[in-house]
Amino acid sequence: MREAIKFTFILLGIIAIIIGIVIWPLYGFSVLALLIFGLGIYNLSQKKHTVLRNFPVIGYVRYLMEMVAPELHQYLVESDTDGTPVDRNHRTYIYQRAKLQNQTHPFGTELDVESEYYKWMQHSIYPTKELEEAPRVLVGGKDCTQKYSASLFNISAMSYGALSKNAVMALNLGAKAGNFFHDTGEGGISEYHLKGGDLVYEVGTGYFGCRTEDGNFSAEKFKEKAAYPEVKMIEIKISQGAKPGHGGVLPAAKNNEEIARIRGVKPHTVILSPPGHSAFSNAEGLLKFVQQVRKLSDGKPIGFKLCIGSKKEFIDICEMMVKTGIKPDFITVDGSEGGTGAAPIDFSNYVGMPWEQALIFVVDTLNGYGLKEEIRVFTATKIFTAFDIFKAICIGADVCNSARGMMFALGCIQALKCDTNKCPTGVTTNNSSLMRGLVVSDKWERVKNYQQQTLKEFLELFAAAGCNYLEELNRSLIYKKIEGEVKSYESHYPSVARDSYPNLIS
């Protein structure tokens, strides 16, 4: 926003000089010459900017173009299928469903269907009748006494602090109206989460909201939060896709007094979640922690979230489940493409297993150990469209969550200023002058609309595939072009059963 204001004033100044030259040529040119001469002398002597020191006047063109380059690129250069991390077609898809606008696309696909890794689904010439309501998924194993019926499409983990209070309220009210859940993120439960929507209370490595003064897990504070009637499930965050093995980052600019009080930290400081948990350090410790928080929460569904790194470590967890009999009720699989408000670039680019391979590995490993029947698999990376949900369930997921999709429904324009507290749409800032642009009474409806319209389109795909039950979705329905050869996911990533992987059985 500051850059936009600066650019506006510069532009207005240039316009004023041009008008002055037109009306008073002699005075106008004189003032312009003096300004240019003064800038030149100043820049020749300054030592901070190399470009301006070498090119004392025209060097400013570089800074002006740099100032507006992201906007120019997004609105004038990108095609509909370009743009990262989320292309224009996907952004438009979400905006249209959130606003209940025209949801059809003219003149055929813009995708290159002959490109490598192009994906598509198999349809049936005998489609089934479209279901009136999307199926729901019951979450809770044998040790869970408060099972939860989850929607297929929900709000993924985003903390208050990373998001504005207006954004959190709009998300929660949307979840309430649409009967789907809202993951709190690791920042704890704020009053803005308590608007009636179902919550998944995420407990991260910083134990925000349930921590002792020295930053360790507080069973007493956790029990208090877990008892909230809005809290339907608890998710232990081991790692997330955008920065696995690093921990969360809350910039000091976002850490005001209120957020610090909710998290139990000092205000106006950079808050770094520890890379790992202090409550456990191995597979057995993780499962005992699952058992502990299940008891503290009076039997609510307990799961953990991770981005896969070492396959052996996840296999160790599965072996320990078999050995101890302690099992989570769900596991959330994140991929290295996952989103975040702030992360070191090397972690975002090069750490962690990509989503597709991670989901396949987790599902197959659970099947190999005979654990999948009791444990639901949630997934949460780049789930935007009905096809994304269809594909994820075919691969083996039970429930899909979306963070960036819900942010776009709130009005995010991918300005890429999430970590600066200068988000122009009020989604990822606690700056009151920017937050006011996000009107809760309007945006919660858009969140609900996006979720419901996306599920409606999922049901259309579901019927087109000739399916009546979720159990009918499998990898044989999804195809991918790999090295010029068309393969179904079933042939390329064969589904496994317990008997197929005797080496996985301890």
Side-chain angles (χ1 to χ4, degrees), residues 137-150 157 183 186 200-205 207 210 216-223 225-227 231-240 276-334 358-359 361-380 396-399 496-498 501-506:
V137 176
L138 189 65
V139 183
K142 62 180 178 60
D143 295 323
C144 175
T145 58
Q146 298 191 51
K147 293 177 172 59
Y148 177 72
S149 177
D183 193 312
E186 66 175 319
V200 174
Y201 176 28
E202 184 176 86
V203 177
T205 57
Y207 306 116
C210 58
N216 291 316
F217 177 70
S218 168
E220 183 180 351
K221 291 180 180 178
F222 171 81
K223 186 174 183 178
K225 300 294 192 305
V231 173
K232 304 301 181 183
M233 297 187 283
I234 289 91
E235 179 178 77
I236 302 163
K237 174 186 170 182
I238 299 175
S239 62
Q240 72 180 92
H277 281 263
S278 59
F280 56 87
S281 58
N282 54 34
E284 184 178 10
L286 166 61
L287 295 180
K288 286 183 176 179
F289 190 62
V290 167
Q291 189 177 47
Q292 179 187 6
V293 296
R294 182 182 283 129
K295 184 177 180 181
L296 290 170
S297 67
D298 199 21
K300 291 182 178 180
I302 310 298
F304 59 83
K305 170 184 174 180
L306 80 170
C307 174
I308 297 295
S310 164
K311 289 184 176 182
K312 182 181 181 302
E313 290 178 347
F314 187 76
I315 290 171
D316 288 344
I317 293 171
C318 291
E319 288 182 347
M320 193 56 64
M321 289 183 203
V322 174
K323 180 179 178 180
T324 63
I326 304 170
K327 302 165 189 172
D329 300 292
F330 66 93
I331 296 173
T332 302
V333 181
D334 211 356
L359 179 58
F361 167 72
V362 167
V363 170
D364 286 354
T365 305
L366 290 174
N367 277 325
Y369 279 99
L371 297 166
K372 181 65 178 66
E373 287 185 9
E374 285 191 65
I375 301 172
R376 299 301 188 188
V377 174
F378 296 3
T379 194
D398 297 293
V399 172
V496 302
R498 189 179 180 97
Y501 268 64
N503 60 307
L504 293 181
I505 309 302
S506 59

Between Gln291 and Thr324, does a side chain to side chain contact (heavy atoms under 4.5 Å, CB included) hold up when you go through it step by step?
-> CA-CA 11 Å; Gln291 189 177 47; Thr324 63; over 6 Å; no
Go through Cys210 and Tyr201 one step at a time and tell me if the side chain to side chain contact (heavy atoms under 4.5 Å, CB included) criterion holds.
-> CA-CA 11 Å; Cys210 58; Tyr201 176 28; 3.5 Å; yes
Mind running side chain to side chain contact (heavy atoms under 4.5 Å, CB included) on Lys305 and Asp334 for me, showing each step along the way?
-> CA-CA 7 Å; Lys305 170 184 174 180; Asp334 211 356; 3.6 Å; yes
Please step through side chain to side chain contact (heavy atoms under 4.5 Å, CB included) for the pair Phe378 and Ile331, ending with a clear verdict.
-> CA-CA 6 Å; Phe378 296 3; Ile331 296 173; over 6 Å; no
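In this structure a side-chain-to-backbone donor-acceptor pair under 3.5 Å is missing from Tyr369 to Met321. In this structure, the side chain of Gln146 engages the main chain of Asp298 through a donor-acceptor pair within 3.5 Å. Between the side chain of Thr365 and the backbone N or O of Ile315, no donor-acceptor pair lies under 3.5 Å. A donor-acceptor distance shorter than 3.5 angstrom exists from the side chain of Lys300 to the backbone of Ala226, with no hydrogens or angles considered.
The heavy-atom pair separating Leu138 from Arg376 by the smallest distance is O-NE, 2.8 Å. Heavy-atom minimum distance, Cys318 versus Leu366: SG-CD2, 3.9 Å. Contact between Phe330 and Ile234 at its shortest, heavy atoms only, is CZ-O, 3.4 Å. In terms of heavy-atom proximity, Val377 sits nearest to Gly396 at CB-O, 4.3 Å. For the pair Gly140 and Lys147, the tightest heavy-atom approach, listed with the atom from each and the gap, is O-CE, 3.3 Å. Taking both residues in full, the closest heavy atoms of Ile238 and Thr205 are given as O-CG2, 4.4 Å, listed atom of the first, atom of the second, then distance.
With rounding to the nearest 0.5 angstrom, the CG atom of Asp143 is 8.0 Å from the CD atom of Glu374. Interatomic distance, CD1 of Ile302 versus CD1 of Ile326, reported as 12.5 Å (0.5 Å rounding). Atom CD1 of residue Ile317 and atom NZ of residue Lys312 lie 11.0 Å apart, to the nearest 0.5 angstrom.
Comment: Lys372 engages Asp398 in a salt bridge, judged by a side-chain N to carboxylate O separation of less than 4.0 angstrom. One finds no salt bridge joining Glu319 and Lys323 here, because no Lys/Arg side-chain nitrogen approaches an Asp/Glu carboxylate oxygen to under 4.0 Å. The pair Arg294-Asp329 meets the salt-bridge criterion, since a charged nitrogen lies less than 4.0 angstrom from a carboxylate oxygen.
A ring-centre distance under 6.0 Å is found for Phe289 and Phe217.
Using a 4.5 Å heavy-atom cutoff, the side chains of Val293 and Val203 are not in contact. With contacts defined as side-chain heavy-atom distances shorter than 4.5 Å, the pair Leu286/Met320 does not qualify. Contact annotation: the side chain of Leu306 approaches that of Ser239 to within less than 4.5 Å [non-hydrogen atoms, C-beta and beyond].
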